[in-house]
Amino acid sequence: MSSNTTQTESGELNHIIAEARQDRERQEKTYRGRALKMFPKICGRCGREFSGKRVRELTVHHKDHNHDNNPPDGSNWELLCLYCHDNEHSRDQVAEWYDETTPDAGQELKSDNKPFANLADLLKDKK
Ligand SMILES: [Zn+2]
Ligand SMILES: [Zn+2]
């Protein structure tokens with residue numbers, strides 16, 4: 001693996017996609033950090049409290065399931081532990097909460113995830 005920079009078109013495209021992903025990851029890291037500072041480190045569902053390393057088990061849930069909706073006052077965020085968050089999403093399979101604990105799963109789905117957010121709401125009604 002050397003830095004072979006032959007610019008094929010698909011190589012360029014991959015590069016763009018990779019950058020877009022990194023942007024998103026960076027963004028998610030940031031809002032997670034902000035949410036953790038803003039709210040008490042307590043799961044909004046089961047009420048467990050997290051501290052130290054265990055804080056990584058706390059994830060940021062978007063109440064409207066739209067990751068791009070990150071108001072500075074945190075009104076679209078909710079801190080949920082991995083288990084409760086998983087529960088919250090088990091109906092719709094939208095793995096929006098992946099973090100350093102979850103590898104790439106869900107990223108392919110996410111590139112344009114707004115339709116999925118709507119779908120999630122539909123599924124939620126049906127239960
Ligand atoms: Zn919980
Ligand atoms: Zn969520």
Side-chain angles (χ1 to χ4, degrees):
M1 291 289 184
S2 64
S3 48
N4 181 357
T5 44
T6 349
Q7 296 274 347
T8 64
E9 267 177 45
S10 68
E12 182 64 15
L13 186 62
N14 283 339
H15 184 68
I16 292 168
I17 292 173
E19 293 225 316
R21 280 186 182 178
Q22 273 171 11
D23 271 2
R24 186 176 278 276
E25 276 172 26
R26 214 173 296 135
Q27 191 196 1
E28 302 215 344
K29 288 268 179 352
T30 329
Y31 72 61
R32 185 172 185 277
R34 278 195 284 147
L36 285 173
K37 271 188 203 136
M38 197 177 292
F39 300 114
K41 296 179 180 59
I42 292 172
C43 172
R45 288 286 184 283
C46 66
R48 280 194 296 162
E49 198 174 339
F50 295 83
S51 58
K53 281 187 183 167
R54 299 205 61 206
V55 167
R56 59 184 300 167
E57 293 176 36
L58 264 187
T59 59
V60 179
H61 174 60
H62 288 77
K63 292 180 180 174
D64 69 355
H65 291 234
N66 177 4
H67 308 167
D68 297 320
N69 184 10
N70 293 302
D73 66 353
S75 56
N76 191 37
W77 300 333
E78 190 173 19
L79 290 179
L80 296 180
C81 75
L82 285 175
Y83 307 101
C84 294
H85 205 167
D86 196 30
N87 235 359
E88 187 72 13
H89 286 270
S90 57
R91 308 172 200 112
D92 54 58
Q93 304 288 313
V94 179
E96 62 146 285
W97 51 268
Y98 69 88
D99 197 10
E100 56 270 67
T101 46
T102 19
D104 264 352
Q107 291 223 16
E108 308 303 332
L109 279 178
K110 281 166 49 65
S111 50
D112 183 6
N113 65 350
K114 292 209 171 98
F116 287 102
N118 292 336
L119 188 63
D121 285 335
L122 290 177
L123 288 173
K124 192 152 59 172
D125 289 335
K126 281 187 196 145
K127 213 151 206 187

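Predicted, not measured: the structure shown is a model, and the values here were computed from it. Start at 1 and go down the list; that is how both ligands and their atoms are numbered.
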field: 2.8 Å cut-off met by an N, O or S atom of His85 to the Zn ion (ligand 1)
entry: no
message: So if I apply the side chain to side chain donor-acceptor pair (under 3.5 Å) rule between Arg45 and each of His61, Glu78, His85, which one comes out positive?
response: Glu78
- prompt: Rounded to 10°, how many degrees is the angle SG/Cys46-the Zn ion (ligand 1)-SG/Cys43?
  reply: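 For SG of Cys46 and SG of Cys43, the angle centred on the Zn ion (ligand 1) reads 100°.
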task: Restricting to N/O/S, name the atom of His61 that gets closest to the Zn ion (ligand 2).
output: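 Of the nitrogen, oxygen and sulfur atoms in His61, the Zn ion (ligand 2) lies nearest to ND1.
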The Zn ion (ligand 2) - name of the N/O/S atom of His89 that sits closest to it: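 This turns out to be NE2.
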task: Taking all heavy atoms of Cys81 and all of Cys43, pick out the closest pair and write down the distance.
output: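 Scanning both residues, the minimum pair turns out to be N-SG, 3.3 Å.
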message: Run the side chain to side chain contact (heavy atoms under 4.5 Å, CB included) test on Glu57 and Tyr83 for me, step by step, so that the C-alpha distance in whole Å, both residues' side-chain angles and the decisive distance to 0.1 Å come before the verdict.
response: CA-CA 9 Å; Glu57 293 176 36; Tyr83 307 101; 4.2 Å; yes
message: Whether the Asp68 and His62 side chains hold a donor-acceptor pair (N or O, under 3.5 Å, no angle test) is what I'd like checked.
response: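 No pair is found: no donor N or O on one side chain lies under 3.5 Å from an acceptor on the other.
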